[in-house]
Every structure is written in structure tokens, then in C-alpha cells.
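Have a look at the structure below before the remarks.
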There are 2 protein chains.
Amino acid sequence: MVNFGNERSALQVTDRQLNATFTALADPTRRAIVARLARSDATVNELAAPFKMTLPGISKHLKVLERCGIISRSRNAQFRPCHLERNALDDVSLWIEENRRVWTERFDKLDEHLRDIQSKEGTS
Amino acid sequence: MVNFGNERSALQVTDRQLNATFTALADPTRRAIVARLARSDATVNELAAPFKMTLPGISKHLKVLERCGIISRSRNAQFRPCHLERNALDDVSLWIEENRRVWTERFDKLDEHLRDIQSKEGTS
DNA sequence: TCAGTAGTTTACTTGACAGTTAAATAACTA
DNA sequence: TAGTTATTTAACTGTCAAGTAAACTACTGA
């Protein structure tokens with residue numbers, strides 16, 4: 001939820017962030033990488049191991065995950081260990097929960113309304 | 001979490017479901033539509049109103065949302081009211097929360113882990 | 001039956017993205 | 001120094017998704 005303070009509103013920045021994060025998570029390879037990194041940091045080769053894909057393919061996926069802030073990478077000799085970022089999934093999680101909340105409230109009201117109608121019908 | 005019982009495992013079906021749902025939510029127009037439908041059902045024209053996009057464009061977005069089960073459509077005269085499906089976001093929500101859980105558990109054991117990793121790095 | 005409203009389908013253009021191979025870069029090791 | 005390992009970049013291909021205009025379907029109400 002970063003606001004760069006110029007050129008675009010915070011809302012639009014969030015929108016872009018959500019685009020990028022949802023897009024990143026839409027790919028099964030990238031989801032598997034995230035799931036793997038949830039357990040521990042790992043090098044590119046370690047991450048690539050379970051897949052048939054070539055290393056450049058994996059490298060591209062990692063770049064996508066890095067660009068939207070889901071992972072970060074450091075340097076250790078010739079290795080580039082990948083690290084899952086703490087609040088990476090907060091934005092998407094928030095969006096989903098917010099919508100569920102609105103949806104649920106709406107149906108709580110509907111129930112109430114229905115009960116209201118029924119009690120009125122009972123008396124008329 | 002539907003298992004069709006043939007050709008593919010439940011896990012893969014879920015995988016496809018996640019692909020589709022994350023892809024659907026990766027588009028800001030579709031997210032706005034979902035947010036709008038969280039408040040109430042709406043017709044295609046009502047949904048299209050806030051956007052510059054042509055009606056066929058909106059129609060396509062609705063089809064994407066429908067295909068992955070996020071919305072459903074009924075028929076009322078010449079209208080096709082759209083309805084947000086109750087458990088539409090459960091799958092993605094579950095995936096995210098599961099990964100957060102794993103990630104968090106890992107960091108609850110942080111000290112132990114770090115010592116382990118560092119001692120391994122020291123010996124290699 | 002005709003005009004109008006609601007929405008979809010078709011055909012097309014454009015752009016983004018997944019994956020590949022081949023070559024380059026960067027750091028370690030003998 | 002040369003060779004090896006880890007990873008990225010470049011260039012290319014194929015596919016798929018977003019958007020449009022134009023034509024079409026389906027229903028309503030006069």
C-alpha cells in the first residue's frame with residue numbers, strides 16, 4: 001500500500017499492485033514457488049528442481065514475483081537466495097476479505113429484512 | 001474443491017480453479033465488477049455504466065467471471081442479472097491463508113531455523 | 001407487426017506473457 | 001589461469017487475453 005505521492009492516487013497504485021499480485025499468483029508454477037518459499041528461503045536451482053521447465057523460465061517467474069514484491073533476493077557468492085516477503089500477500093488478502101465482508105453484511109441485512117417481512121405478514 | 005473423479009486429481013482441478021480465479025481477479029475492471037456485485041445484483045448495463053468500455057467488453061469480463069464460478073447469471077425478460085456467488089473467493093482465500101500460516105509458523109521457529117541455516121553455511 | 005431495449009457473438013487487431021535455446025555474466029575452485 | 005557452477009539476458013516463437021465495431025438474438029410494449 002505504497003503511495004508515491006505524485007502522478008497517481010494511492011488507490012490507483014493499490015490497483016496496480018493488486019493487478020500485479022493477482023497476476024503473479026495466477027500461474028501455478030509461481031504459486032508452487034511461493035509455497036516452497038513459505039517453508040524456507042531457497043536458491044534458484046533449488047526452486048527449479050521440481051519443475052520440467054528450463055532455468056531461464058524459472059528466472060522469469062522469479063522476476064515476476066520480485067517485481068510485485070512477493071519475494072526479494074539477496075546475494076551469497078554465486079547464489080541468489082530467494083526470500084518470501086513478510087507482507088507480500090496482505091494486499092490481496094485484504095481485498096478479498098473486504099469484499100467478503102460487504103457481501104456478508106448484505107446478506108445479513110437480507111435475512112433481517114426477510115424476518116421483518118415475515119413477522120409483518122404474520123400480523124396482517 | 002471439486003473432484004470430477006476422472007482424468008485429473010482433485011489437486012489439479014483446484015490448481016485450475018486457482019489459475020482461473022486469480023486470473024479473473026487480476027483485472028481491475030473485473031475486480032470493480034465483483035466489488036459492485038458484493039453490494040447487490042445488477043444487470044449488464046448497470047455494471048457497464050461506470051466504465052468507458054464498450055458493452056461487448058463488459059460482456060467478456062462477465063463471461064470470465066462466470067466461467068470460474070465467481071458470478072452466476074439468471075434471466076429476467078431481456079435482462080441478465082448478475083449475481084456474486086457465495087463461496088466464490090473461498091479457494092483463493094484458502095490458498096493465501098494456508099501459505100501465510102506456513103510462513104508464520106516458520107518464523108515462530110525463527111531462532112532455531114536461523115542457527116541451523118547459519119551453521120550449515122559455515123560448514124559448506 | 002414494428003420499434004426499441006438488453007445483451008451476445010463474430011471477426012479482427014494489438015499487446016502481453018510463457019516458454020525455448022544460445023550466449024553472457026559473475027563468482028568460486030583447482 | 002582455465003574450468004565449473006549459478007544465474008541472467010537476448011532473441012525468438014506460439015498462445016492467449018483485452019478491446020473494438022458490426023451484426024445478430026431475444027424480449028417488451030404499442
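To find a chain, count down the sequence lines: A is the first, B the second, and so on, and within it residues start at 1.
- Between A/Asn45 and D/dT7 there is a side-chain polar atom (N or O) within less than 4.0 angstrom of OP1 or OP2.
- The CZ-C1' distance, from B/Arg67 to C/dT8, rounds to 14 Å in whole Å.
- With no hydrogens or angles considered, no side-chain donor-acceptor pair links A/Ser93 and A/Glu97 at under 3.5 Å.
- Separating the CD1 atom of A/Ile58 from the P atom of C/dT21 is a distance of 13 Å, rounded to the nearest angstrom.
- Going from atom CG of A/Asp27 over to atom P of D/dT15 covers 17 Å, rounded to whole Å.
- Proximity of B/Arg80 to the phosphate of D/dA26: no side-chain N or O atom is located under 4.0 Å from OP1 or OP2.
- The interatomic distance linking A/Lys52 (NZ) with C/dT20 (C1') rounds to 15 Å, in whole Å.
- Look at A/His61 and you'll find a side-chain N or O under 4.0 angstrom from OP1 or OP2 of C/dG19.
- Proximity of A/Ser59 to the phosphate of D/dT8: a side-chain N or O atom is located under 4.0 Å from OP1 or OP2.
- Contact between A/Thr23 and A/Arg30 at its shortest, heavy atoms only, is O-NH2, 3.2 Å.
- Phosphate proximity of C/dA18 to A/Arg30: present, with a side-chain N or O under 4.0 Å from OP1 or OP2.
- Between B/Ile70 and B/Leu84 there is a side-chain heavy-atom pair separated by less than 4.5 Å.
- Distance A/Asn19 CG to C/dG15 P: 18 Å, rounded to the nearest Å.
- Rounded to whole angstrom, the span from the CD atom of B/Glu46 across to the P atom of C/dT5 amounts to 16 Å.
- Of the candidates D/dA18, C/dG19, C/dT21, D/dA18 carries the atom nearest the B/Lys60 side chain, counting heavy atoms from C-beta on.
- Distance B/Phe51 CZ to D/dA18 C1': 14 Å, rounded to the nearest Å.
- Nearest-nucleotide positions on DNA chain C place B/Gln78 closer to the 5' end than the other of A/Arg75 and B/Gln78.
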(request) Go through A/Glu98 and A/Arg101 one step at a time and tell me if the salt bridge (charged side-chain N to carboxylate O under 4.0 Å, His left out) criterion holds. (result) CA-CA 5 Å; A/Glu98 171 62 12; A/Arg101 190 186 59 72; 2.8 Å; yes
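- Comparing D/dT7, D/dA18, D/dA6 against the side chain of A/Leu55 picks out D/dT7 as the nearest.
- Considering only the side chain of B/Met53, D/dG19 comes nearest among C/dT20, D/dG19, C/dG7.
- Atom-to-atom, CG of A/Asn76 to C1' of C/dC28 comes out at 11 Å; the value is rounded to the nearest Å.
- Relative ring orientation between A/Phe22 and A/Trp95 is described as perpendicular, the plane-to-plane angle rising above 60° on a 0-90° scale split at 30° and 60°.
- Dashed line: the shortest gap from a side-chain N or O of A/Thr54 to OP1 or OP2 of C/dG19 is not under 4.0 Å.
- Under a 4.0 Å N-O distance rule, the pair B/Asp91/B/Arg16 does not qualify as a salt bridge.
- Phosphate proximity of C/dT9 to B/Lys63: present, with a side-chain N or O under 4.0 Å from OP1 or OP2.
- Among C/dC28, D/dT20, D/dA10, the nucleotide with an atom closest to any side-chain atom of A/Pro56 is D/dA10.
- OP1 or OP2 of C/dT8 sits under 4.0 Å from a side-chain N or O of B/Arg73.
- Residue contacts for A/Thr23: at a heavy-atom cut-off of 4.0 Å it reaches no nucleic acid atom on any strand shown.
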